[in-house]
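Working notes, beginning with the structure itself.
Here is how names work: the chains are called A, B, and so on, in the same order as the sequence lines, proteins then strands, and each is numbered from 1.
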2 protein chains.
Amino acid sequence: MQLLNRNELRERIVISGLKATQQRIVVYEALVQQHGHHPTAEEVYQLLKPANPSISLGTVYKTLDSFVETNLIRRVLSEESGKRYDANTMAHSHIYCSNTKEIIDYEDAELEQLLTDFFRKRNMENFEIKSFAVQLTGNKKEPGKQIRISQVPK
Amino acid sequence: MQLLNRNELRERIVISGLKATQQRIVVYEALVQQHGHHPTAEEVYQLLKPANPSISLGTVYKTLDSFVETNLIRRVLSEESGKRYDANTMAHSHIYCSNTKEIIDYEDAELEQLLTDFFRKRNMENFEIKSFAVQLTGNKKEPGKQIRISQVPK
DNA sequence: TCTCAAATAAGAATTTTTCTTATCTGGATA
DNA sequence: TATCCAGATAAGAAAAATTCTTATTTGAGA
């Protein structure tokens, strides 16, 4: 990602649907500059504090949340913080519903096979792959009902 | 997953390399019974407390961590807990190194295309897919050096 | 059964995140 | 440009999540 100047940053924030306040601009700027680094809210706060001594950690949290809501930025999938556990160690994927916050198992042998084959053909230098996972993010249309994913009969 | 009796649970714990204590057995049992539910440590604790009033939350945390370490269970990838943020909203995957805890961007147009095509052919009932992500988990062989993933010239 | 390294309970401490409230500000409007 | 106000922020309290400490207990090998 190319570096963006303040006006470009401002514009993106506005386009996403938020007021371009000073705090939001510097938070977004920090995140763009940290491209590839996936900082935490705390880390963003520490980055900003020297040049913005009056910014508060609460604002950083709130700002990042707003950005995620307007799809200006994303949360990175992580097992690091590791809140949720699963006894099923077989390869399987997960569906995440943004509305209900549910994480639903999604077993799709064809998908696993496709990816296994794909990664078998990739040459990994300095990395030993132990597992892979796919996560689908989206929304249930009817929260009460089940999700069903099937092959389209072609 | 089929239900397991206490002896089967005990055996799996031992095979994974841990002493089969009473607490570990009931924690593992709870997790197996919650198949598909991905409970948090707190939730496991609440499930166990009625029948095991003396178990402590700290033990549940520690036990789950041990299980993850021996690969008896997994942590579920999650953006819910959402510690880390990324300004790059283009479709891209992440590589997670268990050793260094790094999350490294992995852009692979071919992989994205493969999955886009795949999901286009799937019929989703009651789910509107907004995005998907792949995460590779594994280890850097040489922590200092970069990872490089390339196509095998066939 | 005895022994002891390892595991646990209890709760303190720390860290992370959210909430509350008084104050401030971006930008719409006059 | 000055005024206004809904929405944003700072500060810090509060809550929630996680880790740590220490005395006690326990599983399993001798």
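- At distances below 3.5 Å, not a single donor-acceptor pair connects side-chain atoms of Asn52(A) with backbone N or O atoms of Ile55(A).
- Across the protein-nucleic acid pair, Ile25(B) atom CD1 and dT8(C) atom C1' stand 14 Å apart, rounded to whole Å.
- Close placement of the His92(B) and His94(B) rings is indicated, their centers lying within 6.0 Å of each other.
- In the set dT18(D), dT16(C), dT9(D), dT18(D) carries the atom at the smallest distance from any side-chain atom of Lys83(A).
- At least one side-chain heavy atom of Arg6(B) sits less than 4.5 Å from a side-chain heavy atom of Val26(B).
- In this structure, Asn52(A) atom CG and dA10(D) atom C1' are separated by 13 Å, rounded to whole Å.
- Phosphate proximity of dA10(D) to Ser54(A): present, with a side-chain N or O under 4.0 Å from OP1 or OP2.
- Looking at heavy-atom distances under 4.0 Å, Ile55(A) makes contact with sugar-phosphate atoms alone, never a base.
- Across dT18(D), dT8(C), dT9(D), the shortest atom-to-atom separation from the side chain of Leu57(B) is found for dT18(D).
- Taking atom OH of residue Tyr85(B) and atom P of nucleotide dT16(C), one finds them 13 Å apart after rounding to whole Å.
- Under a 3.5 Å cut-off, the side chain of Glu43(B) and the backbone N or O of Thr40(B) do form a donor-acceptor pair.
- Summarising the geometry, the separation between CG on Asp65(B) and C1' on dC20(D) is reported as 13 Å, rounded to the nearest angstrom.
- Between dT19(D) and Tyr61(B), no contact under 4.0 Å exists linking OP1 or OP2 to a side-chain N or O.
- Side chain of Asn126(A) to backbone of Lys141(B): a donor-acceptor contact under 3.5 angstrom is found.
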Nucleotide by nucleotide, 5' to 3', does protein get under 4.0 Å of the base (B), only the sugar-phosphate (S), or neither (-) in nucleotides 24-30 of chain C, counting heavy atoms?
--SS---
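- In this structure, Phe67(A) places its CZ atom 12 Å from C1' of dA8(D), rounding to the nearest Å.
- Side-chain N or O atoms of Arg84(B) include one that pairs as donor or acceptor with a backbone N or O of His38(A) at under 3.5 Å.
- Regarding Ile13(A), its CD1 atom lies at a distance of 18 Å from the P atom of dG7(D), rounded to whole Å.
- Atom CZ in Arg24(A) sits roughly 11 Å away from atom P in dA10(D) (whole-Å rounding).
- For Glu42(B) and dT16(C), the CD to C1' distance is 15 Å, given to the nearest whole Å.
- Between Phe132(A) and Phe119(A), the two ring planes are tilted [angle within 30° to 60°].
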